[in-house]
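Structure record follows, encoded as C-alpha cells.
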Amino acid sequence: MFAFELGAGDKRELYRQLCAAADALTHGESDAIANMANVSALIWEGLLELNWAGFYRNLGGELVLGPFQGRAACIRIPFGKGVCGVAAATRQPQCVADVHAFPGHIACDSASASELVIPLVHAGELIGVLDLDSPIPGRFDDDDLAGCVELARIVAPRIAPVEMGPRQG
Ligand code: SME
C-alpha cells in the first residue's frame, strides 16, 4: 500500500507534495502503464474540483487514451483538434478557463468547464499529454500550470515507450 498525505499547506506546497509523491511512486518502475495509472490516481486524490485526470499517448501521430480517473472518455484525438490536440501539435501547455469558448473543444464529459493540458516530452519526442478537466470555470491558475509542468517534467521519462531507450531514475 502507498499512503501519501496530500493537501496540507497552500497550492504551491500541494504541488511540491504531489511531485514528490509522483517521483517516489514512479522511481525505478519501467512499466509506463503502471506509472500513468498511479500518477493519475495521485492527481485525483490530491487535487480538488476535478472531473477527469489522465493521459493521452502519442501513438504514431495520434493521441490515444491512456490511464485516467473520471468518466469514460474519447479514445482517439487527432493532433490539432481540441485542447489536447492543440497542446500536442504546439507542444505548449493549454490553460483554458472556459472550454466552451475554445474552438474545436472536444466535450468528452458535458460537466467539464475548464481544462489544463500539458505536453509530455522526453528526449525531444512528444510522448503524449497530461489532461486535467474541472467542472468549475477558471479552475486552473498559474500555480496549477507551474505545478503540472513540473509534474510532467518528472513523469515524462517514466512513461516513455521502452523503445525510446534507458530512462532516468
Ligand atoms: N476536452 C478534451 C478531450 C479530452 S477529455 O476532456 C478527457 C479536448 O478538447 O481535447
Side-chain angles (χ1 to χ4, degrees), residues 6 11 14-15 18-19 21-22 25-26 31-122 124-161:
L6 299 171
K11 200 185 263 191
L14 173 61
Y15 276 105
L18 192 58
C19 287
L25 257 182
T26 58
D31 190 274
I33 291 175
N35 287 337
M36 286 186 274
N38 261 340
V39 171
S40 61
L42 266 184
I43 294 169
W44 192 249
E45 185 181 351
L47 300 184
L48 299 176
E49 298 170 331
L50 301 183
N51 62 317
W52 204 89
F55 292 88
Y56 280 88
R57 300 157 297 141
N58 175 11
L59 296 186
E62 182 180 38
L63 291 175
V64 181
L65 185 63
F68 68 94
Q69 302 276 310
R71 300 184 78 175
C74 328
I75 298 169
R76 293 176 185 272
I77 300 176
F79 276 34
K81 295 276 175 163
V83 185
C84 291
V86 169
T90 61
R91 297 193 182 192
Q92 295 297 316
Q94 302 293 311
C95 187
V96 179
D98 175 6
V99 293
H100 303 296
F102 190 93
H105 166 250
I106 301 165
C108 292
D109 182 345
S110 60
S112 296
S114 58
E115 185 160 359
L116 179 59
V117 183
I118 311 294
L120 297 153
V121 177
H122 172 58
E125 300 289 330
L126 183 86
I127 307 303
V129 300
L130 171 65
D131 181 18
L132 307 185
D133 285 47
S134 172
I136 314 292
R139 157 67 179 79
F140 304 104
D141 63 13
D142 287 347
D143 287 338
D144 293 294
L145 176 61
C148 287
V149 165
E150 175 61 8
L151 185 62
R153 188 191 65 76
I154 293 166
V155 166
R158 296 165 184 186
I159 64 166

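For the numbers below, each heavy atom of this structure counts, side chains included, while hydrogens, waters and symmetry mates do not. In each ligand, atom 1 is the first atom listed, and ligand 1 is the first ligand listed. Residue numbers count from 1 along this sequence.
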Of the listed options Cys84, Ala107, Ser112, Gly85, closest to atom 10 (O) of ligand 1 (non-hydrogen atoms): Cys84
Expected output: side-chain Arg139 to main-chain Ala97 donor-acceptor under 3.5 Å: no
Nitrogen or oxygen of Cys108 less than 3.5 angstrom from that of ligand 1: no
Option whose closest heavy atom lies nearest to atom 3 (C) of ligand 1, chosen from Ile106, Val86, Val96: Ile106
Short side-chain to backbone donor-acceptor contact, Asp133 and Ser112, under 3.5 Å: no
Check: Gln94 side chain, Gln92 main-chain N or O, donor-acceptor pair, under 3.5 Å: yes
Close N or O approach (Gly104, ligand 1; < 3.5 Å): no
Main-chain N/O of Ser114 paired to Ser134 side chain as donor or acceptor, under 3.5 Å: no
Pairwise distance CD(Glu150) to CD1(Ile118) - rounded to 0.5 angstrom: 11.5 Å
Nearest-neighbour protein heavy atom for atom 8 (C) of ligand 1, which is reported as residue plus atom name and distance: Val83 N, 3.4 Å
Atoms in ligand 1 flagged as close to His105, the criterion being non-hydrogen separation under 4.0 Å: 1 (N), 9 (O)
Close N or O approach (Asp133, ligand 1; < 3.5 Å): yes
Asp109, portion touching ligand 1 at heavy-atom distance under 4.0 Å: neither
Close N or O approach (Trp52, ligand 1; < 3.5 Å): no
Any Phe68 heavy atom less than 4.0 Å from ligand 1: no
Nearest-0.5 Å distance that lies between atom CD1 in Ile77 and atom CG in Asp131: 7.0 Å
Enumerated ligand 1 atoms positioned under 4.0 Å from heavy atoms of Glu115: 1 (N), 2 (C), 6 (O), 8 (C)
Heavy-atom donor-acceptor pair, Asn58 side chain to Leu126 backbone, under 3.5 Å: yes
Ligand-side contact atoms (ligand 1) for residue partner Tyr56, heavy atom cut-off under 4.0 Å: 4 (C), 7 (C)
Numbered atoms of ligand 1 (with element) below 4.0 Å of Asp131, judged on heavy atoms: 4 (C), 5 (S), 6 (O), 7 (C)
CG-SG distance between Leu65 and Cys108, expressed to the nearest 0.5 angstrom: 8.0 Å
Check: Gly82 N/O within less than 3.5 Å of ligand 1 N/O: no
Geometric class of the Trp52/Phe68 ring pair [parallel <30°, tilted 30-60°, perpendicular >60°]: parallel
